[in-house]
Enquirer: 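I'd like to ask you about the structure that follows.
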Amino acid sequence: MARLTAVRADAVLVQAAIAGALSFAHLHDLAAAAGQDGWKAWAYPVSVDLLLVAAWHRLRTGGAKASAWCWFLVALVASLGANVATAGLLDLNDVPAWLRILVAGWPAVAFLGGTLLAHGTRALPEAPKAPEAETTGRPETEDPAAPTAPEPPTAPAPVPASVPPALVALARKVADEHRTRTGTAIDTSTLRARLGVPMPLAEAIATHLT
């Protein structure tokens with residue numbers, strides 16, 4: 001399997017080398033016929049092939065697809081045009097003026113295309129979106145983890161200025177029964193429970209029992 005893949009790869013490389021050499025020769029011949037003799041005739045096919053490669057590279061890796069396709073087609077038309085023109089459809093000994101103008105202006109076009117492809121802006125990756133805040137039914141300023149403020153303590157009941165004598169007598173009787181039964185003095189909490197009065201009133205009564 002690996003050998004078969006290598007054979008296929010070699011065949012593609014050979015085919016690419018043949019096509020490149022023929023296209024290179026046709027572009028050289030056309031440039032020479034248009035008056036670009038010497039080293040200039042050899043520079044034209046290099047310029048076309050470099051623009052073609054730069055456009056293909058931008059199509060594979062860049063983000064400006066429309067611009068890359070435009071320059072790829074320009075380079076492809078230049079290469080195919082030279083192949084067709086040198087195939088006997090054009091008299092290389094009598095090149096028309098418009099073709100001489102195109103050949104003479106090609107270096108500026110190739111330089112512009114290569115610069116735009118090599119130094120053009122590429123598409124930047126999109127910034128990740130911030131996760132949307134979940135709605136919890138609370139106002140945005142309210143922190144659900146913040147402790148709630150304690151309720152203000154209720155004001156104690158006012159202590160009466162004087163205790164009715166009858167209530168003092170009843171409390172004394174209850175205190176005596178408690179001492180007889182338990183052998184100890186009655187405390188304020190027990191007195192409040194036995195009389196069924198508020199704690200401030202029970203404390204006032206206890207002062208009359210001492």
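None of these values were measured; they are calculated from a predicted model.
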Enquirer: Quick check: closest heavy atoms across Ala206 and Thr188, and the distance to 0.1 Å?
Expert: CB-OG1, 4.2 Å
Enquirer: Taking all atoms of both residues into account, what is the closest heavy-atom pair of Arg100 and Ala34, and its distance?
Expert: NH1-O, 3.4 Å
Enquirer: Apply side-chain contact (heavy atoms from CB on, under 4.5 Å) to Arg179 and Thr184, showing your working.
Expert: CA-CA 5 Å; Arg179 182 182 294 274; Thr184 59; over 6 Å; no
Enquirer: Tell me whether Leu80 is reachable from Trp69 by hopping between hydrophobic residues (I, L, V, M, F, W, Y) whose side-chain heavy atoms are closer than 4.5 Å.
Expert: yes
Enquirer: Measure the spacing between CZ of Phe111 and CG of Leu116 and express it to the nearest 0.5 Å.
Expert: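 The CZ atom of Phe111 sits 9.5 Å away from the CG atom of Leu116.
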Enquirer: Hey, are the side chains of Leu51 and Trp106 touching, using non-hydrogen atoms and a 4.5 Å cut-off?
Expert: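 They are in side-chain contact.
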Enquirer: Check for a donor-acceptor pair, side chain of Thr61 on one end and backbone N or O of His57 on the other, with a separation under 3.5 Å.
Expert: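 Yes, the answer is positive, given that a donor and an acceptor are paired below the 3.5 Å cut-off.
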Enquirer: Going by an N to O cut-off under 4.0 Å, is there a salt bridge joining Arg194 and Glu177?
Expert: yes
Enquirer: Work out which heavy atom in Ile186 is nearest to a heavy atom in Val174; give both atom names and the distance.
Expert: CD1-CG1, 4.1 Å
Enquirer: Kindly give the heavy-atom pair with the smallest separation between Ala41 and Pro45, and that separation in Å.
Expert: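 Smallest interatomic distance, heavy atoms only, reads O-CD, 3.1 Å.
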Enquirer: Give, for atom OG of Ser79 and atom CG of Asp49, the distance between the pair rounded to the nearest 0.5 Å.
Expert: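 CG of Asp49 is found 6.5 Å from OG of Ser79.
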Enquirer: When you compare the side chain of Tyr44 with that of His28, does any pair of heavy atoms fall below 4.5 Å?
Expert: no
Enquirer: Is there a donor-acceptor pair closer than 3.5 Å between any side-chain N or O of Thr207 and the backbone N or O of Ala204?
Expert: yes
Enquirer: Same cluster or not: Leu112 versus Val48, using hydrophobic residues (I, L, V, M, F, W, Y) connected whenever any side-chain heavy atoms lie under 4.5 Å apart?
Expert: yes
Enquirer: Can you see which heavy atom on Ala68 is nearest to which on Arg58, and at what distance?
Expert: CB-CG, 3.5 Å
Enquirer: Just wondering, do Trp71 and Val109 contact through their side chains at under 4.5 Å, heavy atoms?
Expert: yes
Enquirer: With a 4.5 Å cut-off on side-chain heavy atoms, are Trp98 and Leu102 touching?
Expert: yes
Enquirer: I'd like to know if Leu201 and Met199 are part of one continuous hydrophobic network [Ile/Leu/Val/Met/Phe/Trp/Tyr, side-chain heavy atoms within less than 4.5 Å].
Expert: no
Enquirer: Hydrophobic cluster membership, with links at side-chain heavy-atom distances under 4.5 Å among I/L/V/M/F/W/Y: are Val77 and Leu50 in one?
Expert: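 No, separate clusters.
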Enquirer: Please say yes or no: joined through hydrophobic side-chain contacts below 4.5 Å, possibly via intermediate residues, are Leu170 and Leu191 part of one cluster?
Expert: yes
Enquirer: Ignoring hydrogens, what is the shortest heavy-atom contact between Ala85 and Leu30? Give both atom names and the distance.
Expert: CB-CD1, 4.3 Å
